[in-house]
Amino acid sequence: MLPGSPPRRHAPAAPCARRALPIFQARGRLLGQLRGLDCAILIGETGSGKTTQVPQYLYEAGIGRQGIIAVTQPRRVAAIALATRVSSERTTELGRLVGYSVRFEELSCEQTRIKFLTDGMLLREAIADPTLRCYSVVILDEAHERTIHTDVLLGVVKAAQKARRQQGRAPLKVIIMSATMDVDQFSQYFNGAPVLYLEGRQHPIQIFNTKQPQSDYLQAALVSVFQIHQEAPSSQDILVFLTGQEEIEAMSQSCRAIGRQLPAGCPRLLALPLYASLPYSQQLRVFQPAPKGCRKVILSTNIAETSITIPGIKFVVDTGMVKAKKYSPASGLEVLALQRVSQAQAWQRAGRAGREASGVCYRLYTQEEFDKLDRMTVPEIQRCNLASVVLHLLALRVPNVLTFDFMSKPSPEAIEAAIEQLDLLGAVERKEDQLVLTPLGRRMAAFPLEPKFSKTILMSPKFHCTEEILTIVSLLSADSVLYSPPARREEVQAVRRKFISSEGDHLTLLSIYRAFKNVSGNKDWCKENFVNSRNMMLVSDIRAQLRDICVKLSLPIESSRSDSTNVRRCLAHSLFMNAAELQPDGTYSTLDSHQLVAIHPSSVLFQCKPACVVYNTLLHTTKCYMRDLCVVDADWLYEAAPDYFRRKLRTARD
Ligand code: ADP
Ligand code: MG
């Protein structure tokens, strides 16, 4: 192309693909504006090129050359995929000019100038350096998702900006990027920062609601998929929004089974699952075009709502449901629950159908039901347990967590409840009327883990079982190492039997890990035993890193070998706030808020009735389920926190 000639709009060759993105038209204007601003908010449709192009534009224009350009992402898969993409667009090796940093995995070097990080990782870096010295630009991407880490980061970068200004140091440029229009709050929070709009390429979308409320959204989704499949040309793909891995895998099975029985002449159907913990290579399959005469049906969590753009989607089926955290400070219960999406999410989902041409969205709920949805999604920080956040803020030496400059303030009760939990874990104390971390709390903050799990590790020397606890915590920190294809259920159950411990899921996982190590991670062994070898390798990696932290903290690292009692005692001492007791009528009740709970069918204890258990999480679907359980003695729990249980018993009696 001659210098000065206008860029071609539809450049076919790969090197020109960057120029074909909608954002390219705005490059000059954008750079002009960003150059002069300390803070800006950038809005553009998903797929317009914000995430992959803006950091490159800044780099090419020499903006922020003095430091690294950070781009945060809510999900680790997205951070890695984007770093890979941008690195290949620059034809450099990943980890050189363009790198990434996600929990337990980092790929960057001295020369790295563009770094994709999960929001959680940037937050951890801020603990060591609150002014984020090595960065010249911080791009907070997917800000509309309002993850808890993004919300804390907003406050952290704002404070860092101010501190650097006051100290006369190089300024920190902050760019907030969002796919949705509702950004007034961001602008206000950053003292009226300007909002820059990118022109989108949204095509019209027809929306259909159901006439009647649907009692079974999964069934309704399946029916919609096959109705579309029998009527529309096979080149038009379908995207279905579901809530989680199990549901998605089950629906893929059903789609395949029904697909096999379709009459001859009907196009083939390719069901592709998509969720965050799916191995990356399998996630990539959704981007590949289906073979001729075959239709792709992508069954996805809300990961496809904004962070991933899939070509070829003509139809969206929106169940209107999402799995998200809910928290009640009064009861202290945090549950992962199936709930209705917000109107903003519903619009975002529908928008996925109009990326390349006009599209259709089937909402599996009535117009009246839509009208009753929350207008905006409530930010995560206002609906989850804040123990981690408060621990982080204290590690950042924030003088008063109750008055921290949050964009959306969590309720004071939620913060108080978090402080109380940290107090029970021995992580905080009052000094001259100020809340500070205890030496134990400071050590807890050294681990990239939830406070209850860092506490588990720090307690383990007392029970001589650090080796075992490191393995268990690592297993719980990675995506599931167990692979359970629903079609081969009986086989799975048969091979799992030899690992099952009557003492619960933690110890069962531990024995699977030991077996994996005994065969040195042999791939065939993994296949035969339905173990996800990639995730197992990651567990091994995580374990090595956690062990390093223990060594740095001079923790004695011992193994309890075959004695599992100590391991369970250690878990009881750190998970005592997540405990439940068997009731005379055969149900379970949580010790701390007397909530009715049940053992999740995925647990090895599902058919058993242990008297007393601790669990990792609560999941609310049809019932409130405990997941990942360990059998403990009630005495151990009282031993772990006598005051707490005395107090709980008193309130129960009152
Ligand atoms: P935005 O951040 O505005 O949603 P991105 O910068 O992430 O947009 O993506 C811009 C375009 O780049 C997408 O529409 C897609 O065509 C392409 N793209 C991004 N990542 C990948 C990838 N991993 N593989 C193939 N194409 C990609
Ligand atoms: Mg993006």
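Index from 1, following the sequence. The basis for the numbers below is simple: all heavy atoms, side chains too, and nothing from hydrogens, waters or symmetry mates. Order of listing sets the numbers, starting from 1, for every ligand and every atom in it.
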Checklist outcome for this item: Taken to the nearest 0.5 Å, the spacing of E380 CD from R146 CZ works out to 10.5 Å

Next on the checklist: How about CZ on R103, more than 12 heavy atoms from neighbouring residues, nucleotides or ligands closer than 6.0 Å, or not?
Outcome noted: yes

Item to check | Heteroatom test (N, O or S) for T51 near the Mg ion (ligand 2), limit 2.8 Å | outcome: yes

Next on the checklist: Within the 4.0 Å heavy-atom shell around E45, which atoms of ligand 1 are there?
Outcome noted: 3 (O)

Checklist entry - Hey, is G44 one of the residues with a heavy atom under 4.0 angstrom from ligand 1? => result no

Checklist entry - Can E125 and R133 be counted as an ion pair, charged N to O under 4.0 angstrom? => result no

Item to check | Numbered atoms of ligand 1 (with element) below 4.0 Å of G49, judged on heavy atoms | outcome: 1 (P), 3 (O), 5 (P), 6 (O), 8 (O), 10 (C)

Next on the checklist: Is it the case that the side chains of Y100 and Q73 hold a donor-acceptor pair, with the cut-off being a distance below 3.5 Å and no angle test?
Outcome noted: no

Next on the checklist: I want to check a possible cation-pi pair here: R113 against Y59, using under 6.0 Å from ring centre and within 45° of the ring axis as the test.
Outcome noted: no

Checklist entry - Between Q53, R85, Q56, which one has a non-hydrogen atom sitting closest to atom 19 (C) of ligand 1? => result R85

Checklist entry - What do you reckon, does D141 have a nitrogen or oxygen under 3.5 Å from a nitrogen or oxygen of ligand 1? => result no

Item to check | Heteroatom distance test (G47, ligand 1): nitrogen or oxygen, under 3.5 angstrom | outcome: yes

